[in-house]
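By convention in this document, chain letters (A, B, ...) are assigned in the order of the sequence lines, proteins followed by strands, and residues within each chain are numbered from 1. Worth knowing before you read on, the calculation uses all heavy atoms, side chains too, and leaves out hydrogens, waters and symmetry mates. On a predicted model such as this, the values are computed, not experimentally measured, just so you know.
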Number of protein chains: 2
Amino acid sequence: MKSRLSSSTEDYLKTIYAFTEWQDTPITSSQLATRLGVANSSVSEMVRKLKDMGLVDHRPYGAVHLTEEGLRVALTMVRRHRLLETFLVNDLGYSWDEVHVEAERLEHAVSDLFVERLAARLGNPERDPHGDPIPSASGDIPRIDAHRLSELDPGHEGTITRISDENPEMLRYLAHERIHLDTEVTVVRRKPFGGPLVVRVGQHGAARDFDVPDEVAEAVWVESTREHAGCTVGGS
Amino acid sequence: MKSRLSSSTEDYLKTIYAFTEWQDTPITSSQLATRLGVANSSVSEMVRKLKDMGLVDHRPYGAVHLTEEGLRVALTMVRRHRLLETFLVNDLGYSWDEVHVEAERLEHAVSDLFVERLAARLGNPERDPHGDPIPSASGDIPRIDAHRLSELDPGHEGTITRISDENPEMLRYLAHERIHLDTEVTVVRRKPFGGPLVVRVGQHGAARDFDVPDEVAEAVWVESTREHAGCTVGGS
DNA sequence: CCTACAATTTAGGCACACCGAAAAAGTGCT
DNA sequence: AGCACTTTTTCGGTGTGCCTAAATTGTAGG
């Protein structure tokens, strides 16, 4: 059980895991295909192989679940990816919108030794540059208590603790708008039907209002600063 | 001309280049096969493809030469490899016998951006941890005036400036014998017919004699400290 | 219940990089 | 020149991961 998986295999497992990281319905074949950028038929075939290898559970026409072993591999990949992103930003001066693609290639090439040396050198960080939790070598995930901006009610105050790294263009946009990790936000107005969600960004005098595009509201996660009775209502 | 070569292709070009780095007869198919650990038939096929891509010159049953473009790619790979090795040793605490394999995998995964950021961070070194010259981004190779230990005559004095990184076990052996880059050596006795080559290691009081195994004599390169009339005679 | 549509799987193929075995071409010796 | 031997190439075949097109299965609406 040491023989090294193909990088395709690693990508499948990582993608299956990623899908359930921030919500809990399991991924379907076609969603997997879309995320991996391959045809549905490729997924069918690969999922069968992963099942034969004992890395996923799957019954025909059903969703795909990781087995314990599959989860272990996926978490290893996630750890690699996020440590690499941290390294790229901290040590090589990458900006947060540049790191994803680079880490995506590197994560298949690094050894366990490399990863652990890197982690040590970085001070065993628990979060990557986008605020994503970095699983420990043993597979424990730092607890994070954040909610999507899109799910918060007006009046809610908090700090941005995670911004999805999937869309580099959005990250550049947010950087340009001076919105980043640890930025404090207050939800001003919830979008009524199709109108925009508005948040107040920054504190006190320096505060400004910001019209949150839908896509951003899904990508930005906020951790409450003030315990505010019913803070997490998620109207559809 | 940007479309990214397969890692196999990169390996072939790098291996062809490496063969002529320290001597000048060009590589044959079977030598290439041995070094790459593949069958001769695989090489024939791949060389044909490389030729079609304009990366090598080759006529049936002849040796394989890099074209200008092939050389450019090979030097890029060599640069990557050696910068990665330097990084692994300097920043991640790898020992020199551990870096080769790791760099071998990483060199196919890093981007040009990564390499240049890394080079800058390392201070644009001209030598890697084994003393191998690091080509510049534009493909210039730092000049090195060294000779194989096996080619030196008795009385010759010099400093070790390069040790081939191909055999990790030898590197561990040399480290154990406290022989490394910048170690000063004097050739004491040339091996007569099958007898051992002996060198004096270190200077003055701390000097000791060292019986050089054949393999080591081929792997260690020395740069002269004293201009010593006829110093480079290479008896067979 | 049964049909229409969407999701998934199966079938047949392709490109890549490899293999062993067999054929062909070069080389060296008399 | 001719023969033996080595090197290289050609040939048919493998495994992986991908594709398109054609079945199949699942599901929601009437």
Side-chain angles (χ1 to χ4, degrees), chain A residues 1-17 19-20 25-66 70 73-74 77 104-105 107-109 236, chain B residues 2-17 19-20 25-66 70 73-74 77 104-105 107-109:
Chain A
M1 42 165 76
K2 280 267 84 180
S3 57
R4 195 79 184 177
L5 303 166
S6 73
S7 69
S8 250
T9 301
E10 290 175 341
D11 277 338
Y12 275 81
L13 296 175
K14 195 185 60 160
T15 305
I16 295 164
Y17 171 78
F19 192 81
T20 36
T25 59
I27 198 167
T28 65
S29 288
S30 48
Q31 286 170 322
L32 197 40
T34 305
R35 304 214 157 204
L36 289 165
V38 300
N40 288 334
S41 52
S42 306
V43 171
S44 272
E45 195 179 330
M46 191 64 171
V47 165
R48 184 168 35 72
K49 287 183 197 165
L50 294 174
K51 194 186 167 192
D52 291 348
M53 292 191 274
L55 296 166
V56 304
D57 286 330
H58 178 245
R59 46 196 326 149
Y61 301 94
V64 184
H65 298 263
L66 292 174
V73 176
M77 296 315 295
E104 198 96 300
R105 262 175 301 110
E107 67 194 10
H108 303 297
S236 85
Chain B
K2 282 268 79 180
S3 59
R4 195 76 184 175
L5 303 166
S6 73
S7 68
S8 251
T9 301
E10 291 176 341
D11 277 337
Y12 274 80
L13 297 175
K14 194 184 59 159
T15 305
I16 295 165
Y17 172 77
F19 192 80
T20 37
T25 59
I27 198 167
T28 65
S29 288
S30 48
Q31 286 169 324
L32 197 39
T34 306
R35 305 214 157 203
L36 289 165
V38 300
N40 289 334
S41 52
S42 307
V43 171
S44 272
E45 194 180 330
M46 192 63 170
V47 166
R48 185 169 35 70
K49 284 183 199 165
L50 294 174
K51 193 185 165 192
D52 293 347
M53 291 189 276
L55 296 167
V56 303
D57 286 329
H58 178 244
R59 43 194 331 148
Y61 300 95
V64 184
H65 299 262
L66 293 174
V73 175
M77 296 315 295
E104 199 96 300
R105 262 175 302 107
E107 67 194 12
H108 303 297

Do you know the tightest heavy-atom contact between Val47(B) and Leu32(B)?
CG2-CD2, 4.3 Å
Within residues 54-61 of chain A, find the residues that approach DNA chain C with a heavy atom at under 4.0 Å, and present them sorted by residue number.
His58(A), Pro60(A), Tyr61(A)
Where do Ser30(A) and Asn40(A) come nearest, in terms of heavy atoms and distance?
CA-OD1, 3.5 Å
Shortest non-hydrogen contact between Gln31(B) and Pro26(B), atoms and distance:
OE1-O, 4.2 Å
Nucleotide dC16(C), atom C1' - distance to CE of Met46(B) in whole Å
9 Å
Please report the distance, rounded to the nearest Å, between NZ in Lys51(A) and P in dT9(C).
10 Å
Between dA15(C) atom C1' and Arg4(B) atom CZ, what is the distance in whole Å?
19 Å
Describe the nucleic acid contact of Ser29(A) in one word from base, sugar-phosphate, nothing, applying a heavy-atom distance below 4.0 Å.
sugar-phosphate
Kindly state which residues belonging to residues 35-43 of chain A come within less than 4.0 angstrom of DNA chain C, counting heavy atoms of the residue only, listed by number.
Asn40(A), Ser41(A)
Could you check how far CD of Glu45(A) sits from C1' of dA21(D), rounded to whole Å?
15 Å
Is the shortest heavy-atom distance from the side chain of Ile16(B) to the side chain of Arg35(B) under 4.5 Å?
no
Residue pair Tyr12(A) / Val73(A), side-chain heavy-atom distance below 4.5 Å:
no
Shortest non-hydrogen contact from Arg4(A) to His108(A)?
NH2-O, 3.3 Å
Any side-chain heavy-atom pair of Glu45(B) and Arg48(B) under 4.5 Å:
yes
Applying side-chain contact (heavy atoms from CB on, under 4.5 Å) to Lys14(A) and Asp11(A), what does each step give before you reach the verdict?
CA-CA 5 Å; Lys14(A) 195 185 60 160; Asp11(A) 277 338; 4.2 Å; yes
Out of dG17(D), dA17(C), dT9(C), minimum distance to the side chain of Ser6(B) belongs to dA17(C)
Which of the following nucleotides, dA17(C), dT16(D), dT7(D), is nearest to the side chain of Ser8(B)?
dA17(C)
Please confirm whether the shortest side-chain N or O distance from Tyr12(A) to OP1 or OP2 of dC18(D) is below 4.0 Å.
yes
Of all the heavy-atom pairs spanning Leu13(B) and Leu66(B), show the shortest one and how long it is.
CD2-CD2, 3.7 Å
Euclidean distance, atom CZ of residue Arg48(B) to atom P of dT9(D) [Å, nearest integer]:
10 Å
